[in-house]
Number of protein chains: 2
Amino acid sequence: MKQGLVFFRKLGEAVERLWERCAMREEDRDLLQAMFSAAVKAAEPGAAMRPFLPARPKGRVVVVGAGKGAAQMAAAFEELWDGPVEGVVVTRYGFGAKTRAIRVMEAAHPVPDEAGLAATDALFKAMEGLGSDDLVIALVCGGGSALLAGPGEGLALSDEVALNEALLASGAPIGAMNAVRKMVSRVKGGRLAAAAHPAKVVSLVVSDVPGDDPAQVASGPTVPDARGRAEALAAVRDYAIKLPARVAAFLERADEPPKPEDACFAGNEVHVIASAAKSLEAAARVAEQAAFATAILSDAIEGEAREVAKMHAAIAREVAMRDRPFSRPVAILSGGETTVTLRGEGGRGGRNSEFLLSFALAVDGVEGIAALAADTDGVDGSEDNAGAFADGQTAVRMRTAGADPADALACNDAWGAFAAVGDLYVTGPTGTNVNDLRIILIR
Amino acid sequence: MKQGLVFFRKLGEAVERLWERCAMREEDRDLLQAMFSAAVKAAEPGAAMRPFLPARPKGRVVVVGAGKGAAQMAAAFEELWDGPVEGVVVTRYGFGAKTRAIRVMEAAHPVPDEAGLAATDALFKAMEGLGSDDLVIALVCGGGSALLAGPGEGLALSDEVALNEALLASGAPIGAMNAVRKMVSRVKGGRLAAAAHPAKVVSLVVSDVPGDDPAQVASGPTVPDARGRAEALAAVRDYAIKLPARVAAFLERADEPPKPEDACFAGNEVHVIASAAKSLEAAARVAEQAAFATAILSDAIEGEAREVAKMHAAIAREVAMRDRPFSRPVAILSGGETTVTLRGEGGRGGRNSEFLLSFALAVDGVEGIAALAADTDGVDGSEDNAGAFADGQTAVRMRTAGADPADALACNDAWGAFAAVGDLYVTGPTGTNVNDLRIILIR
């Protein structure tokens, strides 16, 4: 009798082991999905801005805004706001959204064009004649710096374009680049908000910059920072920025941007409503509810996807093997945007599935690891998946399914390899974007 | 009077700021050096084996050994051992060292040759006729698998070479590769130790494998593991290993390697005396004495140096900015071996200085970060430096010195860039090697 029981227990265990080799643990997959959903939800403009909406003012409500997500933010604001609204936002060509009262203009990104100049004029014009009973809502997100074209007095659009090229070529960090931009612009560095005075300005900012300083998002059109001419000149020197001659001359004589302590900003509010960091934190909270410790490595990891994946895998293996640098069970999270260098033609996939295929190869055979990598906008690359799932048996499963994972990685066909084992993650477009999300569970 | 004091205080602060831009903080540099020295010391064969030396036996002491560092280990053992010694070790061509009584043979690595066959014979011969009062000291380190050539009965050296090519091409993890190797070898998988019976065998192992399982170092000539035919066949299937036909046939009929529980191994001892992990831990202890928290990310990070550096930098910035995933002050450590893809000609440097140049660019302008990357063997690449130092001002200093860090990285001339600012780290050859060491201090 007892031997019979032992037999059935052993049989059960064997079936379980076999099953685990056939598919990722259901509870891991569920948790990874729940974490991703929480990250996306934290970045949805409507849900994100609701807690920060000000009281309805006595006077007018004027919305201004700029960035790749500005039209979605405007639509979300109209949905939430109780009362009449007017205003104008500028977004990238093709990035418009349906709004009722707020005008959506489109302009060029990342290289500004005449439409951007016109949009900047329209934003200033929308705020003309405001009084102290009026309210300006500024909707600011990534891409707004190029979209809000507007060089200082006496400079041309071509000067601003040339400056931007020089800045990007220098490799200077965002704060240093923006110190220069703010000196030669008529809209950046708080100048848009200064023009709204005496109306109160409430800035709702979706951050795409490391550190989430709202003064750096879109070069801070409504958020002044303390940097002026001295900091701009220091940046030019430290990062060997090759300024166009006309810009260099302008920098010497230009007015400093307004300062945070200036009276025109008193009473304004600035809220970072969404960011990669906030989304990572939202995902982490879901893991914590499932009794996982959490470790956010960074919200701004860059680099070649397959190489960055190897380092994520090395850390995961260290945890699995030696319970360090984090104690199990732990969810390791990272954000940012990797890159993919194409090595062949005809490969399908994107940076997240490529990341995950390289990760799967590097944790091949390791127990207790499950991972998700996906783009928070819901579209990873050339196909319709947001990303994919992988664990320590993924590479073996792919081989069994006739898809060699190393070959697939060699020709950038991560999509094909994950499709072969049914581990693509498809969400459809999410309507928001705080870059990529990578989650590694280690039990 | 008070104004005068304020003036001098401000002047002092300005000088201090200027000074910090001119050179890395002395205390950071000292701590980084002390940590590197501790890591190297933990891997020195003599210091590392001393705690594990057994008591002098009644009978003979026979030393056998294999690996790229086997000659140094033999010399260190002779230095420490009190009593007569005999034996033979095999190392790579050109890796010999001066010994008194222990014979040093040389053979080919990584592709085995006839000299390896002869060396394997010599090792078995040195242990012939040993009794239970005799002691065998086995000195085992990385590279020993290829150096201890010796295919199973009926196979030729060319079969073992062909098998090894197939294993490496498969990308299978070390444990899976070794499961196959141990089935078709007459020396691996504990077989060398089994031949020493009834003498006691004390294995002193310098690990170069992730996880530091001594049964995997040099395919474990003196350390049996539990894997046999079933595991070897599973590895062939799971990793789609394209076995040479003669090896595949042999695998079906070969004897299993001995098992850990076999009587011939009773009373043997196995000690991992040095490894990347132990060296990282030794370096971490030095940081802890300086009141830093420590985080060992992994002892086995692989990948393109400049890309892996970006991720180290992202984590360092997250710590500097948000005090996570580790709390400041913290020393973040990692080991392993990165790779460098050459992009031009004439560049000077190695993987550690290239790593650090990319790191310096990615933390450009960030305060409170100081880092060292160096090869524990004391030679990073084409020049005589072990590595280099960098902090958040390194890139600015390089530009000031006329060496553009981005240009230098583009043409693999990290050495030139660090030489320009006097931040190369020169130690001379250290006589040991546990791969690379990267340390990042964040205050």
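Nothing here was measured: the structure is a model prediction, and the numbers come from that model. All heavy atoms count here, side chains included; hydrogens, waters and symmetry mates do not. Sequence lines set the chain letters: A, B, ... in the order given, protein chains first and strands last, and positions in each chain run from 1.
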Can you tell me which portion of [X] sits under 4.5 Å from chain B's heavy atoms? Options are side chain, backbone, both or neither.
X	answer
A/Asp213	neither
A/Pro405	neither
A/Arg306	neither
A/Arg324	both

Next on the checklist: side chain to side chain donor-acceptor pair (under 3.5 Å), that's the test. Do B/Arg181 and B/Asn164 meet it? Break it down for me.
Outcome noted: CA-CA 8 Å; B/Arg181 285 183 179 132; B/Asn164 215 35; 2.9 Å; yes
Next on the checklist: Regarding A/Asp212 and A/Lys278, does a basic nitrogen lie under 4.0 Å from an acidic carboxylate oxygen?
Outcome noted: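 Not counted as a salt bridge, because no side-chain N and carboxylate O are separated by less than 4.0 Å.
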Item to check | salt bridge (charged side-chain N to carboxylate O under 4.0 Å, His left out) between B/Glu367 and B/Arg328, worked out | outcome: CA-CA 13 Å; B/Glu367 305 268 326; B/Arg328 280 171 290 134; over 6 Å; no
For chain A, which of [options] has the most heavy-atom pairs under 4.5 Å?
options	value
B/Asp404, B/Thr294, B/Ile315	B/Ile315
B/Ala277, B/Gly171, B/Ala300, B/Ala395	B/Ala277
B/Arg317, B/Glu307, B/Lys310, B/Met321	B/Glu307

Item to check | Pairs of heavy atoms under 4.5 Å with chain B: top-ranked of A/Ser170, A/Ala295, A/Ser298, A/Ala362 | outcome: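 Most heavy-atom pairs under 4.5 Å with chain B: A/Ser298.
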Checklist entry - So which of A/Thr400, A/Asp364, A/Ile332 has the biggest tally of heavy-atom pairs under 4.5 Å with chain B? => result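 Most pairs with chain B among the choices: A/Asp364.
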Checklist entry - Under 3.5 Å, side chain of A/Arg443 to main-chain N/O of A/Ile369, donor-acceptor pair present? => result no
Checklist entry - Do the ring planes of B/Phe326 and A/Phe326 sit parallel (below 30°), tilted (30 to 60°) or perpendicular (above 60°)? => result parallel
Checklist entry - Which one of A/Thr338, A/Asp436, A/Thr339 satisfies the side-chain hydrogen bond (donor to acceptor under 3.5 Å, both in side chains) criterion with A/Arg351? => result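 One option only clears the test, and that one is A/Asp436.
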Item to check | Nearest heavy atoms of A/Ala235 and A/Ile241, plus distance in Å | outcome: O-CD1, 3.6 Å
